Each structure stands twice: as structure tokens, then as C-alpha cells.
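Treat the numbers as computed from the prediction; the structure is a model and nothing was measured. By convention in this document, chain letters (A, B, ...) are assigned in the order of the sequence lines, proteins followed by strands, and residues within each chain are numbered from 1.
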There are 2 protein chains.
Amino acid sequence: MKSIKINSLKTYKKGEILLKQGETAKYGYLVKKGCLKSYTVDNVGKEHIMQFAPENWMISDLDSFTNQVPSSVSIETIEDCEIFLISKSDFIDIDSFDKEVVVDIANKFRNNLIASNKRILGLLSATSEQRYIDFTETYPTLVQRLPLKLIAAYIGVTPEYLSGIRRRMAKKSEH
Amino acid sequence: MKSIKINSLKTYKKGEILLKQGETAKYGYLVKKGCLKSYTVDNVGKEHIMQFAPENWMISDLDSFTNQVPSSVSIETIEDCEIFLISKSDFIDIDSFDKEVVVDIANKFRNNLIASNKRILGLLSATSEQRYIDFTETYPTLVQRLPLKLIAAYIGVTPEYLSGIRRRMAKKSEH
DNA sequence: TACCTTTCTTAAGGTATCTTATTTTTTACC
DNA sequence: GGTAAAAAATAAGATACCTTAAGAAAGGTA
């Protein structure tokens with residue numbers, strides 16, 4: 001990715017919204033410091049988290065960013081952040097890149113795709129307790145760092161229910 | 001993708017297993033005629049469908065195929081099929097491709113990623129009835145073509161429950 | 001046509017997860 | 001350090017979805 005020029009490094013406070021559901025994504029966000037989330041709010045006001053982006057992760061609505069259609073997610077800081085903004089014009093004209101960069105991009109998409117497919121399988125076939133365990137193994141640092149309700153919105157249960165999962169797991173491991 | 005050479009076109013009967021969960025994927029499968037499914041069977045014997053591949057779709061376990069690790073899915077014909085096998089050696093050495101081909105591959109990964117992310121959002125936030133409606137809109141031809149139990153395994157409910165969804169939807173639309 | 005097999009439907013009872021409400025704990029701020 | 005606000009824990013009752021089992025419909029084959 002080294003030959004993609006980075007437009008600007010900006011700082012944000014916790015809780016700022018960088019992209020709103022329904023708007024068109026102008027930027028990809030590369031996190032230098034802090035953590036972002038991409039999420040939807042459904043018609044009964046409940047939040048569902050698509051992705052977390054801690055340090056060195058990249059986040060956007062790929063469909064909106066690439067095809068200039070309305071975004072299906074919002075993106076928001078969940079800690080104070082320093083973030084590189086990568087503009088659409090830097091990114092969309094993939095043909096103008098060096099081949100090496102295109103290979104990097106293809107590999108990045110492929111790895112993201114593998115990760116997304118694993119998540120689909122988990123949502124289809126794993127219990128919520130198992131999805132929580134998977135989360136703690138995949139993101140050991142985030143388990144400590146994120147509030148419970150965000151983890152619940154990521155694995156697909158209510159905060160109350162995740163609280164119960166934790167209690168039952170603690171009881172089990174007592175002996 | 002035009003400069004990827006195609007190894008061979010093979011024919012299969014309905015119900016043949018092309019890749020078994022746990023084995024390493026040697027091929028990508030490009031469907032000329034018929035339909036494939038990729039799926040897992042969980043520890044209580046229940047089937048969960050990752051993807052359908054009707055005509056012109058490509059299917060494999062991308063992680064297994066790319067990184068030579070055990071596959072997390074099985075792939076099986078659900079109709080009589082004609083299928084192009086694309087071998088790993090044709091595909092994995094992405095650096096040796098023309099740039100144009102690499103751009104095609106990147107775009108294909110990107111589009112798959114967008115589709116997978118939509119499915120994750122659906123699994124997180126939509127009711128099973130809404131996921132069924134989404135399925136009928138995304139794959140109108142498959143709704144008629146596939147048995148109910150496969151659609152149920154794709155949207156993440158039991159066949160009995162999907163049968164109930166259909167009944168309630170029919171009743172609703174009566175007036 | 002008749003038979004066998006698979007698919008689909010229906011229904012009763014069970015489990016997982018949600019909703020709502022209340023209490024306790026933690027965090028943020030003056 | 002004290003107070004307000006947010007987050008987490010707990011619990012009771014409601015709903016979505018599953019399990020099991022049985023019967024009805026549809027498809028394939030002799």
C-alpha cells in the first residue's frame with residue numbers, strides 16, 4: 001500500500017461521527033491511534049456492529065466508497081483518535097496504480113473476505129457463548145478495552161444476555 | 001480473468017462431494033451448468049450453508065485454497081453439473097499475472113467482500129422473515145430451484161420454521 | 001399404477017434470547 | 001473527593017426459534 005498517498009492525518013475526540021448511514025463515503029479511514037466502529041441502527045433503534053478498527057486497521061463502507069452509493073453503515077470514534085483520511089480519488093482508480101500496489105490491495109481484500117466468511121459461519125453455526133469466546137481469542141486486546149455493550153452489538157446479543165454469558169462462564173471455570 | 005488458463009471441464013452427478021471439510025482445497029470451481037453449495041456440518045450434525053454457486057459463479061474455500069490450510073467447508077453438487085476446475089498453481093501466484101488480471105481479481109474479491117458484509121449485517125440485524133425476503137430478492141431464480149431445507153440452512157433457520165414463515169407471509173398477503 | 005423415498009407442513013412443548021425494570025458498579029467531571 | 005451520568009449486573013416475564021413427531025404432498029422408479 002506504500003505508494004498510495006495519504007491525504008491528511010486528523011485528530012478526533014471520542015464519539016465523533018465520521019460517516020453517517022445514508023451518506024456517500026468520501027474517505028477510507030486508516031487508524032493511527034484509537035479505535036473506530038462501523039455500525040447500523042435498525043428500525044427499532046438497536047445498534048449492530050459490523051467492524052472494529054483499532055490501530056493499523058482500515059475501515060470504510062466499501063460499497064459506498066467504491067460505487068458512490070449511500071452507505072449502509074455509520075462510522076464513529078469510540079476513543080480519542082488519530083486517523084489518516086484516504087480519499088476516493090486516491091483509491092478508486094485502481095488501474096493507475098503500480099502492479100505491486102494492486103497485488104497488495106487484492107491480498108487485503110482477500111484477507112478481509114476470509115475474515116468476513118469466518119464471521120458468517122460463526123453467526124450461522126456457533127452459539128452466542130462460542131461467538132463470545134471466538135471474539136476474545138481473535139481480539140484479546142479489545143476484550144479489555146471495549147465496553148461490554150459494544151462487544152454484545154458485535155457478536156449479536158443484548159448487553160444483558162452477554163452479561164449472563166460471562167457470569168455462567170465464570171461460574172463454570174470456578175472448579 | 002481471461003488470461004487464467006482453465007484446466008478442465010468435468011461433469012458431476014447431483015450429490016457428489018468435490019471438497020471435504022478438513023481437506024486442503026486443490027481447486028476453485030467455476031460453474032458452467034448446475035449448482036454447488038459450500039457448507040459446514042456442526043457438531044450436532046446440522047448443516048449450515050455458506051454460499052450457493054449457480055451458473056457463472058465461482059466457489060471454493062478461499063482460505064484453504066490460498067493458504068493451504070484445512071478447509072472449513074465442504075463443497076457439493078446440488079444438481080447435475082458441468083464445472084471448470086481451476087488449480088491452485090494457476091491462481092496462487094498472483095504476482096505472475098498481467099496487471100489487468102490482478103485488477104480483475106481485486107475487483108472480484110472486493111465485490112465478494114461487499115456481498116459478505118451485507119450478509120453479516122443481515123444476520124446481525126434482520127429478522128429471519130426479512131432474511132428470507134432478502135434471499136428471494138437476491139436470488140429470485142434459486143427460490144424456485146432449491147429445496148426449502150437448503151434455503152433454510154442458508155438463512156439460518158430450521159426447515160420447519162421457514163415453512164411457518166412462508167405460511168404467515170402467504171396469510172398476510174391474502175388481503 | 002403402485003410403491004418407496006424425499007420433501008413439506010403442521011402442531012406441541014422446550015430452550016435461547018429479548019424486553020423491561022431495578023439495583024449496583026464504574027466512569028467522568030466540577 | 002463528591003456527585004451526576006453511564007455502564008454493568010440481576011431477575012422476571014415475553015417472544016423467537018428449535019426439537020420432536022406425525023401426517024400429507026410430491027417425485028422417482030419398477
To the nearest angstrom, how far is [X] atom [atom1] from [N] atom [atom2]?
X	N	atom1	atom2	value
B/I165	C/dT10	CD1	P	14 Å
A/R168	C/dT15	CZ	C1'	11 Å
B/L150	C/dT6	CG	P	14 Å
A/I151	D/dA7	CD1	P	13 Å
B/R166	C/dT10	CZ	C1'	15 Å
B/I155	D/dA16	CD1	P	15 Å
A/K149	D/dT10	NZ	C1'	18 Å
B/I78	C/dT6	CD1	C1'	16 Å

Exercise. Out of B/K32, B/K10, B/K33, which one pairs with B/E82 under the salt bridge (Lys or Arg N to Asp or Glu O under 4.0 Å) rule?
Worked result: B/K32

Exercise. So which of A/I105, A/N112, A/T66 actually passes side-chain contact (heavy atoms from CB on, under 4.5 Å) with B/R110?
Worked result: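 The passing option is A/T66.
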
Exercise. Out of A/E47, A/K46, A/H48, which one pairs with B/S125 under the side-chain contact (heavy atoms from CB on, under 4.5 Å) rule?
Worked result: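 So the option named by the test is A/H48.
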
Problem set entry | Under 3.5 Å donor-acceptor, A/D61 side chain and A/S72 backbone | yes

Exercise. Side chain of B/R145, backbone of B/P54: donor and acceptor closer than 3.5 Å?
Worked result: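 No.
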
Exercise. Taking the side chain of A/S163 as heavy atoms from C-beta outward, which of D/dT10, C/dT9, C/dT7 is closest to it?
Worked result: D/dT10

Exercise. Mind checking whether A/L124 and B/I49 have side chains closer than 4.5 Å, heavy atoms only?
Worked result: no

For this session: Using a cut-off of strictly less than 4.0 Å, decide whether A/R167 has a side-chain nitrogen or oxygen near OP1 or OP2 of D/dT10.
Result: yes

For this session: Look at B/S128 and D/dC17 and indicate whether a side-chain polar atom (N or O) is within less than 4.0 Å of OP1 or OP2.
Result: yes

Seminar exercise, completed: With B for base contact, S for sugar-phosphate-only contact and - for none (protein heavy atoms under 4.0 Å), nucleotides 18-30 of chain C reads SBB----------

Problem set entry | Test log, rule side-chain contact (heavy atoms from CB on, under 4.5 Å), inputs A/I78 and A/K14 | CA-CA 5 Å; A/I78 54 183; A/K14 171 179 173 176; 5.7 Å; no

